[in-house]
There are 2 protein chains.
Amino acid sequence: MTNQVRISLDAMGGDAGPSVTVPGAALALERHPGLRFLMVGNESVLKPLVAQHPALAAATDIRHAELTVAMDEKPSQALRSGRWKSSMWMAIQAVRDGEADACVSAGNTGALMAMSKVCLKTMTGIERPAIAAIWPTTRGESVVLDVGATIGADAAHLVDMAVMGAAMARIVFDLDKASVGLLNVGTEEVKGVEIVREASRILREQEIPGLAYHGFVEGDDLGRGTVDVVVTEGFTGNIALKTAEGTARQIAEYLRAAMNRTLMAKIGYLFARQAFNALRDKLDPRKVNGGVFLGLEGIVVKSHGGTDAIGFASAVDMARDMAQHHLMQTIRDMLDETSVVVNS
Amino acid sequence: MTNQVRISLDAMGGDAGPSVTVPGAALALERHPGLRFLMVGNESVLKPLVAQHPALAAATDIRHAELTVAMDEKPSQALRSGRWKSSMWMAIQAVRDGEADACVSAGNTGALMAMSKVCLKTMTGIERPAIAAIWPTTRGESVVLDVGATIGADAAHLVDMAVMGAAMARIVFDLDKASVGLLNVGTEEVKGVEIVREASRILREQEIPGLAYHGFVEGDDLGRGTVDVVVTEGFTGNIALKTAEGTARQIAEYLRAAMNRTLMAKIGYLFARQAFNALRDKLDPRKVNGGVFLGLEGIVVKSHGGTDAIGFASAVDMARDMAQHHLMQTIRDMLDETSVVVNS
C-alpha cells in the first residue's frame, strides 16, 4: 500500500446523512491530503455538496446507490432489502473488491455489522467479530472491546479479542507490545466467571508476540488506563461504555449547574474559562468517534449516528490509521503465532 | 417495631476497623438519637474507643468476639474459621436472633454475603440474594441491583430483583409506586439477551402492586435517572458501578488539573470555590455508601471497606431507614402479590 489511502464512505448513513459525511470527509482530507474517497449514495444529492469543497471533489469518486438503510431498520430486514443496492452495502463491497482500503459508515450499527459479515466474511480462525472503541483515560487512551457486536462470549472468543485488540492498540498507540486485561468483578484469580477465568489461563500460558497479558481488571481500571486493551463480551462492554458516557454527561451537567448558581461562581467561571474549554475539549466525544469492526476480512469503522462533521472526520482518521498501518496483516500475523502455540 | 432501631455492628470490619466504625456510629447516633447499637468485636479495643463518646456509650452494648474476618479471606475459608466466633458472624446472628433489626459491616463483601446466607437464609420464594446500591443521578437517586452478589441470572431472578428493588426504592424515596427498568443493550424489544427479554415479558404481563415496569434501559440511563430502579445481573451491575465510579474520579482529576494549569484558572477557582465545594459534595461517594443485601431473612448493609466515619455513618443511616420502614415486610407483601399472579 502506498501512502495514499482509499476510503469508501456510506455517504447516506447517520442521522444527518450527507450534510455531515461530506464536510466530515473534507475535514479529514485537509489533515491527510493523501486520502482518496469513494462516496456511495444518492448522486444528485452528493454531487452539489461535494462540489462545494474543491479539494474534496478532486479526491473523490461518487458512486450512485438507490437505497439508504434506515437507522431503525432491523439488521435482517436491512440485509434483505439493502443487499447489493444500498449505499451501506456498496461501500462495504468496495473494500471486498479491493477498490477501497477501509469503509466508514455512520449508519445503523446492527445493519452495518450484518452486512459486513455477509459481504466481507470473518477472518480465518475468528468465529465472531467485535467492535473496538477508543476509551479516554487519565493516562491517555485505551482500546476496549467488544462494545456491542455480539452478546456473550466463550473463552476462545475472549482470547481472539485479546489478540485483535492488541493488534489495534499497537497501531493506534504505536507500541511494540500492548498490555491486555480481561474485565472481571475482582482482581483475585478466585473471583469471576468460569469463561473469563479460562480465557485468563490461556492468555497467561501462551506467549503471544506483541501482547503482554496483565490479568483481570475491574470497571474502575477503564478510566484509570491500567492496560492498553480491555477485553470483555459485548453485553457488558456496551453497558460499560454507555455508563461511562452517561456519567461524563451527568458530571458536566452538575458542573454547569454549580457554575451558574451564584454570582461569585459566574465570575470564577469567566476567569477559568480557558481551563473549562480545555476540559470540555478533553471530554469531547467527537474526538474519539469511531468503533472499529475487528475480525472481518476488511476494515470497517462505525461512526456515531448522531455525530457532526468533526466527529465523522475522526472516524475517517481512524479508518485511515488502521489501513495505513496494516491492521489486517498485524492481526493475521498475531493470530498465526497464537494458533501455533495453541496447537503445540 | 418502635421508633427505636437496634443495629448490630461488625465493629472490626473494614480497612480501618474500630477507628472508623466507632466514630461512624457516634455520628449516626447524633442524627438519630433513637438508635441502639450492639457492637461486636475485640472488647478491650472497643471499650476505650466507645467511652470517648458518652452518648454512644450510653446507647451501646459491646459483645466480645475473638476473631476478625480478614479483608482478603476467601468466603469459604472465612465461613470455616469465622463461623460462630467472628465479629462478622456474631453481628449477623444478632439479627437472626431478633436482638437487632439490621446489621452493618464494612468487612469482606464475599464473606459477609456467604455468612449472611448461611446464618439468615434466603427469603421464601427467593433463590438468590442481590446487593442493591444507591446511584446518584441528574434527577436525584436510583436503586441499582445486583452490583455483585452473584454472577449470571435467569429470568425469574431478574423478576425477583425487580420486586425487591422496587420495595427498597419505595422506602428510600418514599414512593407509592417505583418505576423499574431492565438494563439492556438496546431499547427496542428486538435487541438483547433472551433472559432479559423473558424477564421483560413477565414484568410487562404482571400487575405487581407498587411496581411500574418501564421496559429496557441502557447504560446511559443510569446517570440520567430514567427509572427509580435498574435491574441487571451481578457481573454487569458490578462493572457498571465501578465504571461509573472510575469515570467520576477521572473527570475530577481532569478538572483539578485544568484548574491548576494557569494563574487565571487558579483565580477563577478561588471565586468559584463554593460552587466547587458543592460539586465535590455532590460527587462524594461517602454520602451514598451502603450496599443493601436483598433477599435474605434479615437486613444486612455492606459499607465500603475503605470508607471513613462519615461514610460508615451513611451505611448505618441506610440500615436504620430499611429497618424503620419495614423493608422485610414490604418485600414479603410484594412477593406474595407477585407469586399469586405468577401461579394464576
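Within every chain, numbering begins at 1; the chains are lettered A, B, ... in the order of the sequence lines, protein sequences first and strands thereafter.
Looking at L183(B), both its backbone and its side chain come within 4.5 Å of chain A, counting heavy atoms on both sides. At a 4.5 Å heavy-atom cutoff, R273(A) makes no contact with chain B through either its backbone or its side chain. Contacts between L222(A) and chain B at a heavy-atom distance below 4.5 Å involve the side chain alone, from C-beta outward. Looking at T262(B), there are no atoms closer than 4.5 Å to chain A (heavy atoms on both sides), in backbone or side chain. Contacts of P136(B) with chain A are made by both backbone and side-chain atoms, with heavy-atom separations under 4.5 Å.
Residues V143(B) and A132(B) come closest through the heavy atom pair CG1-CB, 4.0 Å. The heavy-atom pair separating I195(A) from D154(A) by the smallest distance is CG2-C, 3.7 Å. Across all non-hydrogen atoms, the minimal contact from E198(B) to A155(B) is CG-CB, 3.4 Å.
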(Q) Evaluate T226(A) against E218(A) for side chain to side chain donor-acceptor pair (under 3.5 Å), listing each step before the verdict. (A) CA-CA 10 Å; T226(A) 307; E218(A) 296 195 63; over 6 Å; no

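The pair D220(B)-R224(B) meets the salt-bridge criterion, since a charged nitrogen lies less than 4.0 angstrom from a carboxylate oxygen. E245(A) has no carboxylate O lying under 4.0 Å from a charged side-chain N of K242(A), or vice versa, which leaves the two without a salt bridge.
Comparing L241(A), L255(A), N260(A) by how many heavy-atom pairs each has under 4.5 Å with chain B, the most go to L255(A). Of all the listed residues (A244(A), G246(A), G225(A)), the one sharing the greatest number of non-hydrogen pairs under 4.5 Å with chain B is A244(A).
Atom CD of Q274(B) is surrounded by 12 or fewer heavy atoms from other residues, nucleotides or ligands within 6.0 Å. The number of heavy-atom neighbours closer than 6.0 Å to NE2 of H214(A), taken from other residues, nucleotides and ligands shown, is above 12. Counting heavy-atom neighbours within 6.0 Å of Q77(A) CD, excluding the residue itself, gives a total above 12.
Within residues 107-114 of chain A, no residue approaches chain B closer than 4.5 Å by heavy atoms.
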